[in-house]
Number of protein chains: 2
Amino acid sequence: MTMTRRRTQDERSAETRRLLLDATVRSLMEVGYANTSTAGIARRAGVSRGAQTHHYPGKMDLIVAATAEMFANFADGMERLAADLRAGRIDLDGFFEAAWDNVLHGDWFYSSLEIIVAARGDEELRGHLAPLILDLHAKFETTWSRSFVATAPEVVSARVAMNLVMNVFRGMAVQAVLRRDERYFREMLEAVKAVLAVHVRPVTPDA
Amino acid sequence: MTMTRRRTQDERSAETRRLLLDATVRSLMEVGYANTSTAGIARRAGVSRGAQTHHYPGKMDLIVAATAEMFANFADGMERLAADLRAGRIDLDGFFEAAWDNVLHGDWFYSSLEIIVAARGDEELRGHLAPLILDLHAKFETTWSRSFVATAPEVVSARVAMNLVMNVFRGMAVQAVLRRDERYFREMLEAVKAVLAVHVRPVTPDA
DNA sequence: TCTTAAAAACCGACCGAGCGGTTTGTTAAT
DNA sequence: ATTAACAAACCGCTCGGTCGGTTTTTAAGA
């Protein structure tokens, strides 16, 4: 028997919740928000619908909880990447390459795009998501301002530079849905690096 | 009676199709793709469901037809704007302001965002939309290359510069869903203008 | 330690609503 | 008379949400 006998209630809850949140993100990635159903999530999680409704009574609860966790994971990942840059383990070029790869191939961007678009016409969902986004954005700014200094802050501040990059990445990732052109995106990425190098440079390890 | 008697069949069809396509875009704007239904479109159009199914048998037909028309309208609007720039009726600053206003407050961006996101998980829809996007993009490039020249083409070509701007606008518009901050977007827009002015300048009227 | 009642986790059937699509019938143009 | 435009009822299906019942864990008392 591979069965784990007598798990505590907390363990059972945590396991089920984990399966459900992972399945929610997977469903958003695979079929999008419009085609994501509570039944589909439960099926992907390998959990009964009863268990799902017990832990997350409504669809909204699932989406919001999954989003909150996903955002936290992404903020952590970016901070780790920026820490590598500050410590000199990677250079500016490697930082942008990794960040873009994370946006394009990670779960975060397209999952959040799905729920952001869904939130546009859903007052309640928007109310739940707005604070999560604000929090994520604040974390980004902290990470970025610790990692970069502007060369000419009066023209383009470090904060504005960060948002420019984020917005270019966002736009590129949206475009990538209907335009799978590796060369085009490489060209764009190089241009972003070239343009940004003028306005911002990574902090040098002062040790 | 305000009734128009004895309209020709073509007139009746054109009118009904127009009402339906307009209603489709309105529905996408108001409730998003996920909550857009054929019945809702017919209701918005003030047309019976029978008439709707007669002209556009499936939901896909409505979406694709409305998208095609919307893209064409947007391409025309941009070309008109660029023509104003080339003719000296507006300056570079006015061009970017109008373009951004069009993205943020026009129907085009958010409607197309809805269907692009929906297309990500829908093979058939993607197949219908991809050529429309390619066509729109080609028109953009023509308009842009007639209106701008790169100052240092070997670093950032005019084409790349255009795509950078488009992608920044895309990203900003996505962000605007959950972040209604006029000052922030003004700041970003000024930065885009400043950064781009280095790499590109409008063609001067040669007359 | 053993018993047992309560609580929590879990299960699956059920429901009304809304969906996209089909079909049958009616009105208007040709 | 023929055809296109329009109308509305209908169908099978899936959705999110609800609910009564079962199993597992927990905790209190003998």
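Naming convention: chains lettered A, B, ... in sequence-line order (proteins, then strands); numbering from 1 in each chain. FYI, side chains are in, hydrogens and waters are out, and symmetry mates aren't considered; it's all heavy atoms of this structure.
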If you compare every side-chain N and O of [X] against the phosphate oxygens of [N] (OP1, OP2), does one of them come in below 4.0 Å?
X     : N      : value
B:T8  : C:dT30 : yes
B:H54 : D:dC6  : no
A:T38 : D:dG16 : yes
B:H55 : D:dC6  : yes
A:S13 : C:dA8  : no

Does a side-chain N-to-carboxylate-O contact under 4.0 Å join [X] and [Y]?
X      : Y      : answer
B:R146 : B:E141 : no
B:D84  : B:R80  : no
A:D135 : A:K139 : yes

| said: Does A:T53 reach a base, just sugar-phosphate, or nothing at all? Heavy atoms under 4.0 Å. | reply: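 Counting heavy atoms under 4.0 Å across all strands, the contact made by A:T53 includes a base.
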| message | Over all strands shown, is B:R12 touching base, sugar-phosphate only, or nothing at heavy-atom distances under 4.0 angstrom? | response |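 Sugar-phosphate contact only - B:R12 comes under 4.0 Å of backbone atoms but never of a base.
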| Considering heavy-atom distances to DNA chain D, does B:G46 or A:S37 have its closest nucleotide positioned more toward the 5' end? |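 Its nearest nucleotide lies further toward 5', so the answer is B:G46.
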| request: For A:D10 and for A:P57, find the nucleotide of DNA chain D with the closest heavy atom, then tell me which residue's nucleotide is more 5'. | output: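 Here A:P57 is the residue nearer the 5' end.
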Between atom [atom1] in [X] and atom [atom2] in [N], what is the gap in whole Å?
X     : N      : atom1 : atom2 : answer
B:E15 : D:dC6  : CD    : C1'   : 13 Å
B:M60 : C:dC19 : CE    : P     : 17 Å
A:D61 : D:dT18 : CG    : P     : 11 Å

| request: Tell me which of B:G50 and A:R17 sits closer to the 5' end of DNA chain C, going by the nucleotide each one is nearest to. | output: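 Between the two, 5'-proximity favours A:R17.
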| task | Could you walk me through whether B:R49 and B:T38 pass side-chain hydrogen bond (donor to acceptor under 3.5 Å, both in side chains), step by step? | result | CA-CA 8 Å; B:R49 233 170 89 56; B:T38 55; 3.1 Å; yes
| field | Listed nucleotide nearest any side-chain atom of A:K59, set D:dG16, D:dT25, C:dC11 | value |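 So the side chain of A:K59 is nearest to D:dG16.
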